[in-house]
Amino acid sequence: MEENISKQLLLDKRYLRMAAIWAENSYCLRRQVGAILVKDKMIISDGYNGTPSGFENVCEDENTGLTKPYVLHAEANAISKVARSGNSSEGATLYVTSSPCIECAKLIIQAGIRRVVFYEKFRTLDGCELLKRAGVEVECVDI
């Protein structure tokens, strides 16, 4: 049993490092976040925070420096990408560099994702609390 836990932890750390590398694709200046969606040890989707397809790759308002309201979070991008592909995220694990916000937590629950693993805490943990309430396993892992 202990061997399985250490194998899972090694996998978790590898996927989190992959999510961190994927975050480098983000054009956002304030914060870059990456996500990898894994099912049956296969990556079924990925995402990073950024503007919707076809929009300019500028995430922050030039006057205020604040993130534009239509910027998608990494989790939302990964979930919408898997939905568009026709694959199912039911029972999958989401690896994300930052803990999910409450809006992304709602999407995660509705997508049937059963586990969320992250390494950096967002300013509030409301999203994690909602996930736990819905029976989604939530883990913070150091990479």
message: One pair to check against side-chain contact (heavy atoms from CB on, under 4.5 Å): E103 and L107. What are the steps and the verdict?
response: CA-CA 7 Å; E103 291 302 315; L107 292 174; over 6 Å; no

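- Applying the ring-ring contact (aromatic ring centres under 6.0 Å, His included) test to pairs two or more places apart or on separate chains, none has a residue in residues 106-139.
- In terms of heavy atoms, S26 sits closest to C28 at OG-N, 3.1 Å.
- Closest of all the heavy-atom pairs between P100 and A105 is CB-N, 4.4 Å.
- In this structure, Y95 is not a member of the same hydrophobic cluster as I44, with clusters built from ILVMFWY side-chain heavy atoms closer than 4.5 Å.
- To the nearest 0.5 Å, the span separating CG on N57 from OG1 on T51 amounts to 4.5 Å.
- At a threshold of 4.5 Å between non-hydrogen side-chain atoms, the residues M18 and I43 count as touching.
- V116 and Y15 are not part of a single hydrophobic cluster, where members link through side-chain heavy atoms under 4.5 Å apart.
- Rounding to the nearest 0.5 angstrom, the gap separating the CG atom in L11 from the CG atom in L16 is 11.0 Å.
- Remark: the backbone N or O of S88 is paired with a side-chain donor or acceptor of K39 at under 3.5 angstrom.
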- prompt: Run the side chain to side chain donor-acceptor pair (under 3.5 Å) check on R31 and S98 step by step: do they pass?
  reply: CA-CA 10 Å; R31 186 167 204 210; S98 180; 2.9 Å; yes

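- Under a hydrophobic-cluster definition in which Ile, Leu, Val, Met, Phe, Trp and Tyr are linked whenever side-chain heavy atoms come within less than 4.5 Å, directly or via other members, V71 and V58 are assigned to different clusters.
- Counting heavy atoms of neighbouring residues, nucleotides and ligands inside a 6.0 Å radius, atom CD of E120 exceeds 12 of them.
- With hydrogens and angles disregarded, no donor-acceptor distance shorter than 3.5 Å links the side chain of E90 to the backbone of A111.
- Between L125 atom CG and C101 atom SG the span is 12.0 Å, to the nearest 0.5 Å.
- Checking side-chain atoms of D40 against main-chain N and O of M42 turns up no donor-acceptor pair under 3.5 Å.
- Heavy atoms of other residues, nucleotides or ligands lying less than 6.0 angstrom from CD of E56 number more than 12.
- At least one donor-acceptor pair closer than 3.5 Å links the side chain of N49 to the backbone N or O of V33.
- Distance alone, capped at 3.5 Å, is enough to place a donor-acceptor pair between the E60 side chain and the R30 backbone.
- Cluster annotation: L72 is not connected to F55 through the hydrophobic network of ILVMFWY side chains, with a link wherever side-chain heavy atoms come within less than 4.5 Å.
- Put simply, I21 and V141 are part of two different groups of oily side chains (I, L, V, M, F, W, Y) that touch within less than 4.5 Å, one to the next.
- Atom CD1 in I108 sits 13.5 Å away from atom CZ in R114 (nearest 0.5 Å).
- Side-chain contact between S89 and S45: absent, with no pair of heavy atoms (C-beta onward) separated by less than 4.5 Å.
- The CD1 atom of I113 lies 12.5 Å from the CZ atom of R115; values are rounded to the nearest 0.5 Å.
- Here CG of L94 is found 5.5 Å from CG of L37. Values are rounded to the nearest 0.5 Å.
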Do any side-chain atoms of residues 74-85 form donor-acceptor pairs under 3.5 angstrom with protein atoms, and if so which ones, sequence neighbours left out?
{"residue": "N77", "atom": "ND2", "partner": "Y48", "partner atom": "O", "Å": "2.7"}
{"residue": "S80", "atom": "OG", "partner": "A76", "partner atom": "O", "Å": "2.9"}
{"residue": "S80", "atom": "OG", "partner": "N77", "partner atom": "O", "Å": "3.2"}
{"residue": "K81", "atom": "NZ", "partner": "D46", "partner atom": "OD1", "Å": "2.5"}
{"residue": "S85", "atom": "OG", "partner": "V82", "partner atom": "O", "Å": "2.7"}
{"residue": "S85", "atom": "OG", "partner": "N87", "partner atom": "N", "Å": "3.2"}
{"residue": "S85", "atom": "OG", "partner": "N87", "partner atom": "ND2", "Å": "3.4"}

